[in-house]
Amino acid sequence: MTFLGNFALWVAFFVGIWGAVLAFSGRWRHRPDLEATVTRTVYAVWAAMAVAAASLWKGLASHDFNIEYVAAYTARNLPTYYIISAFWAGQKGSLLFWAVVLSTFAALAQLFTSRKYRELMPYVAGVTSVVTVFFVSVMLFSANPFDRLPFTPPDGNGLNPQLQNVGMVVHPPMLYLGYISITIPFAFAVAALMSRKLDTGWIHAIRKWTLVSWLFLSIGITLGMWWAYVELGWGGYWAWDPVENASLLPWLTMTAFLHSVMIQEKRGMLKRWNLGLIIGTFLLSIFGTFITRSGVIASVHSFTQSNVGYFFLAFLVVAGILAFTLLYTRWPLLEADVPLESMLSREAAFLFNNLILVGIAFSVLWGTLFPILSEAVRGTKITVGPPFFNRVNVPLGLFLLALTGIGPLIAWRKASAANLRRQFTMPLATGLVTLAALLASGMRDLYALMAIALGAFVLGTVVQEFYRGVRARRRMHGESIPRALVNLVARNRRRYGGYIVHVGVLTYCVAFAGMAFKVDKEATLKPGESAEVKSPYGWTYRLTHLGISQYNALNRRVSAATLEVTRDGKPIGVLKSEKRQHVNSLGQETFEPSTEVGIRSDLREDLYVVFAGTPDGTETAVYRFTVNPLVSWVWIGGAILVVGGLVTMWPGGTPARAVRRDEQAGYQVALVGAGQG
Amino acid sequence: MGDRRLLPGQDPWFCSGRRQGGRRGFLRAGLDALIPPLAAQEPAPAIAKPGSGETGQLFDPGAVGRPRAVTSDVDNDQYIMGIEKRLRCACGCGLDIYTCRTTDFTCETSPRLHREIVSLRQQGMDAQAIIDAFVAEYGEKALMAPRPEGFNLIGYLLPGVAVLIAGVGLVAWIQRRKAAVAAANVAAGASARGSAPAASSGPVSAEDLERLRQALAEVED
């Protein structure tokens with residue numbers, strides 16, 4: 001199988017190069033046969049990558065431990081679903097996963113893009129081929145997943161215990177799908193620049209792709225937080241680790257693009273900015289991969305250090321120079337159709353929203369790279385950890401949260417005082433009442449107060465929009481409230497899906513604020529002994545250590561410490577935290593013992609229990625107890641965000657009347673512009 | 001290891017039959033009885049059956065990782081926890097000392113650093129003095145965030161200043177565009193007045209424009 005896998009990689013390499021050369025040569029312009037050939041090379045590369053992927057999967061499934069990758073990441077007693085996820089658990093396999101998914105997306109883009117964008121497609125094929133060839137070449141020349149060992153070990157090393165979690169089966173593919181799908185909008189942007197077809201066509205062509213990419217990134221980031229929370233055992237979900245930051249960067253710029261592209265669609269403005277955002281987002285996705293794989297910045301998540309970092313750095317620099325040079329050469333063709341007229345307009349609000357999103361992205365990037373800069377300039381190694389990122393980003397995040405409420409309600413072009421009064425009275429009142437209630441209840445943490453009050457303000461704006469929409473439908477069509485609500489969303493999915501996303505974002509922010517009230521306590525307990533932990537809500541948890549039981553499971557020896565939990569004297573259940581000593585099928589220990597946390601969740605807070613170990617090999621247990629307020633709302637916020645994203649990108653939803661209205665709106669705007677100009 | 005699964009709380013001492021119990025245990029006990037010196041060389045551990053004593057010995061102590069220190073009140077001292085959250089563990093994990101010592105139970109560095117902090121605190125040093133002592137010993141990288149002074153100020157201030165400058169620039173740009181549009185409107189109005197009949201004050205009246213603007217706002221809201 002390794003021969004077949006290697007052969008498939010070489011086929012993909014050469015066919016991809018051929019396709020790219022053909023695409024960028026432009027010789028297909030008057031040769032339909034060559035144009036078809038360019039498309040076929042994309043399908044051929046996909047087929048070759050599928051063969052390569054199947055070869056590795058065959059090696060993993062058949063426990064071919066002569067393949068170095070299979071021996072390094074699997075063992076005979078590894079559960080099947082982790083054998084599947086082992087495909088992307090290591091450096092080499094994940095590179096193959098990247099290339100396979102990218103070639104699949106490239107083929108889907110060729111297959112499903114409307115014929116009206118035909119002139120763009122050969123360039124799109126060229127860009128996707130170049131990126132695929134890059135990943136294939138990294139594998140062929142530096143990190144080949146089909147490398148063989150000089151001997152065949154009787155069993156493999158097994159998968160890192162922290163990766164043996166359902167979150168790790170789903171989180172990396174989701175994140176990769178997000179990273180990788182950014183290549184398609186980037187390819188269309190480059191195609192538009194190269195073909196000089198810089199009308200809104202390329203934007204319409206990538207609308208679904210950008211949403212898909214954003215959605216996958218959102219799911220990937222949320223699942224990553226969930227995995228970190230339930231698996232790593234530190235009681236948090238976001239540590240501003242460089243690898244976490246790397247996933248956040250393209251999400252931020254993609255979010256900025258999803259807002260600013262509306263201005264280009266509605267008003268024909270920000271053409272250069274949007275192209276810059278797409279190029280920047282693609283480069284940040286490559287940068288994230290570089291950070292994860294180069295070892296240039298220390299991270300608890302990163303792959304082992306290897307020379308693939310040099311490949312990525314070179315690709316990043318070359319792609320950046322070429323893309324921005326191309327943008328520069330087309331600069332005069334990208335004039336705005338109409339000027340921006342007022343500070344009090346939706347365009348301006350979206351511009352400020354973009355400014356803050358890109359500002360946060362910059363500060364995250366800056367903080368991530370600052371240790372390198374400091375060492376280069378001063379020769380002093382420094383650490384830039386959560387205190388730095390929180391200090392710099394929390395104020396920006398709160399400003400962004402406020403704009404989340406302001407942007408959608410303010411009128412296009414120029415808002416009048418009456419418009420502002422009509423739109424913001426109720427949401428502002430909601431925010432202020434919430435703030436007063438929180439102050440009255442004794443909350444004094446400034447950032448938490450602001451986050452929750454602004455969250456209430458944003459929720460007020462969304463509820464008001466839904467209320468007005470439903471009321472209008474009831475008045476016009478006499479529909480019941482649920483039916484009016486469903487029809488309202490179904491008939492304008494983009495707008496109301498966007499509102500649902502905003503509710504997800506505010507839910508995140510409120511949940512993040514909850515961490516300001518986290519409580520930690522350590523205790524050493526003999527069987528029957530108890531510890532008490534005070535919740536920020538005022539009640540008291542009593543945790544009674546019942547004992548430690550040890551037993552064997554499929555690929556591990558388990559030591560489970562059990563606690564009986566009461567809240568203000570009322571029993572609320574039993575919590576269990578485990579130590580797991582993983583072993584291979586020969587009974588050999590494969591990793592240091594890992595920890596599985598015990599969590600009791602409700603909507604108000606999580607009780608989080610970590611069995612740290614024993615002092616003397618007896619049943620006396622050392623525990624860490626953490627009370628984490630509002631954590632459930634992080635996952636709920638993520639779910640709301642995804643639902644909103646799905647509503648937004650669901651096909652259809654634009655009634656014929658609305659299409660006509662869009663066309664008319666554009667015409668009227670032009671007419672007004674003409675009248676004034 | 002077989003796939004023998006016990007229920008939580010079930011006693012592996014009886015069920016597993018691997019170490020002390022079972023055939024091997026029985027043979028060993030018989031051998032010990034026959035050859036007393038052998039038993040003397042390796043004294044039987046003082047094992048209490050789990051659950052039967054105050055602190056029953058675990059069946060497989062190695063499976064729970066390295067021994068942990070018994071916690072004391074000082075481990076829950078908020079002041080010390082606050083200091084530890086500002087200092088980075090020197091093991092290379094990138095975590096602060098508190099998080100590392102309560103999360104990475106394979107790390108031997110963070111418990112040592114914790115003891116060092118406790119010791120310095122017991123000597124009467126305050127948080128800043130302890131942090132300064134750590135920086136003196138381990139360098140500036142011991143801090144979870146660099147001190148906001150000197151070159152590090154660039155790190156702290158640049159993002160905010162960049163956003164501020166960009167924001168001011170954006171406002172200035174919008175105002176300039178607004179002024180340009182207004183000037184163009186005035187010019188267009190003047191030329192329209194010059195060329196159109198007196199009865200009409202231009203192609204579209206200001207009142208009509210405002211009505212149109214409001215109608216558009218209604219449509220696009």
Side-chain angles (χ1 to χ4, degrees), chain A residues 233-234 298 300 339-343 348 351 355 359 362-363 366 370 377-378 380-383 385 387-388 392 411-412 419 521-524 526 547-554 557 559-560 562 579 581 583 587 592-593 612-620 622 624 665 668 672 675-677, chain B residues 1-6 8-10 12 50-51 54-61 63-71 75-76 88 93-94 99 102-103 105-106 140-141 143-146 151 155 158-159 162-163 166-167 170 174 177-178 180-181 184-185 188 203-204 212 216-217 219-221:
Chain A
W234 58 284
V300 288
L340 203 150
E341 294 168 40
S342 170
M343 286 291 296
L351 266 180
L355 174 69
F362 173 69
S363 77
W366 178 246
F370 195 65
V377 174
R378 298 165 60 210
T380 311
K381 281 189 176 177
I382 59 162
T383 307
F388 172 91
V392 176
W412 288 103
N419 167 271
K521 181 169 185 171
E522 287 183 275
T524 304
K526 292 175 182 173
I548 300 169
S549 57
Q550 293 190 302
Y551 54 93
N552 297 336
L554 179 66
R557 301 202 296 267
S559 306
T562 314
K579 283 280 177 198
Q581 175 59 66
V583 292
E592 292 260 12
T614 71
D616 49 8
T618 67
E619 277 199 280
T620 301
V622 180
R624 176 163 60 83
Q668 284 166 336
V672 172
Q676 289 176 335
Chain B
M1 274 293 180
D3 189 10
R4 205 187 311 243
R5 188 185 283 266
L6 304 187
Q10 200 171 351
E54 199 178 25
T55 52
Q57 187 74 30
L58 288 176
F59 165 67
D60 183 4
V64 289
R66 298 175 192 192
R68 304 289 305 167
V70 174
T71 51
D75 296 319
N76 290 315
R88 177 178 154 147
C93 63
T99 308
T102 58
T103 305
F105 305 115
T106 61
E140 205 178 330
K141 65 174 186 274
L143 297 170
M144 280 306 286
F151 180 76
L158 189 68
V163 169
L170 196 61
I174 292 171
R177 299 296 290 253
K178 198 173 144 185
V181 169
N185 285 347
V204 186
L212 182 56
L216 275 175
V219 167
E220 292 179 344
D221 267 351

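Every chain is numbered from 1, with letters handed out A, B, ... down the list of sequences.
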Open item on the list: Taking every non-hydrogen pair under 4.5 Å, which of B:L158, B:V70, B:T71 racks up the most with chain A?
Closed with: B:T71
TODO: Under 4.5 Å heavy-atom distance to chain B, tell me which part of A:W234 shows up: side chain, backbone, both or neither.
DONE: both
Open item on the list: Please classify the contact of A:T614 with chain B as side chain, backbone, both or neither, using a heavy-atom distance under 4.5 Å.
Closed with: both
Open item on the list: Please rank A:S559, A:G359, A:A348 by heavy-atom pairs under 4.5 Å with chain B and give me the top one.
Closed with: A:S559
Task: Heavy-atom closest pair, residues A:Q550 and B:D60 - done: OE1-N, 2.6 Å
Task: Non-hydrogen atoms of B:G94 and B:M144 that approach each other most closely - done: O-CE, 3.8 Å
Against chain A, label [X] side chain, backbone, both or neither, depending on which of its atoms sit under 4.5 Å from a heavy atom there.
| X | result |
| --- | --- |
| B:A69 | backbone |
| B:I174 | both |
| B:N76 | side chain |
| B:F151 | both |

Open item on the list: For A:W366 and A:F362, take the angle between the two ring planes, folded into 0 to 90°, and tell me which bin it lands in: parallel under 30, tilted 30 to 60, perpendicular over 60.
Closed with: parallel
- [ ] Only counting residues at least two apart or in another chain, list the ones meeting ring pair (Phe, Tyr, Trp, His ring centres under 6.0 Å) with A:F388.
- [x] B:Y156
- [ ] Answer yes or no: is there a side-chain heavy-atom contact under 4.5 Å between B:L143 and A:I382?
- [x] no
Task: All salt bridge (Lys or Arg N to Asp or Glu O under 4.0 Å) counterparts of B:R66, not counting sequence neighbours - done: A:E592, B:E108
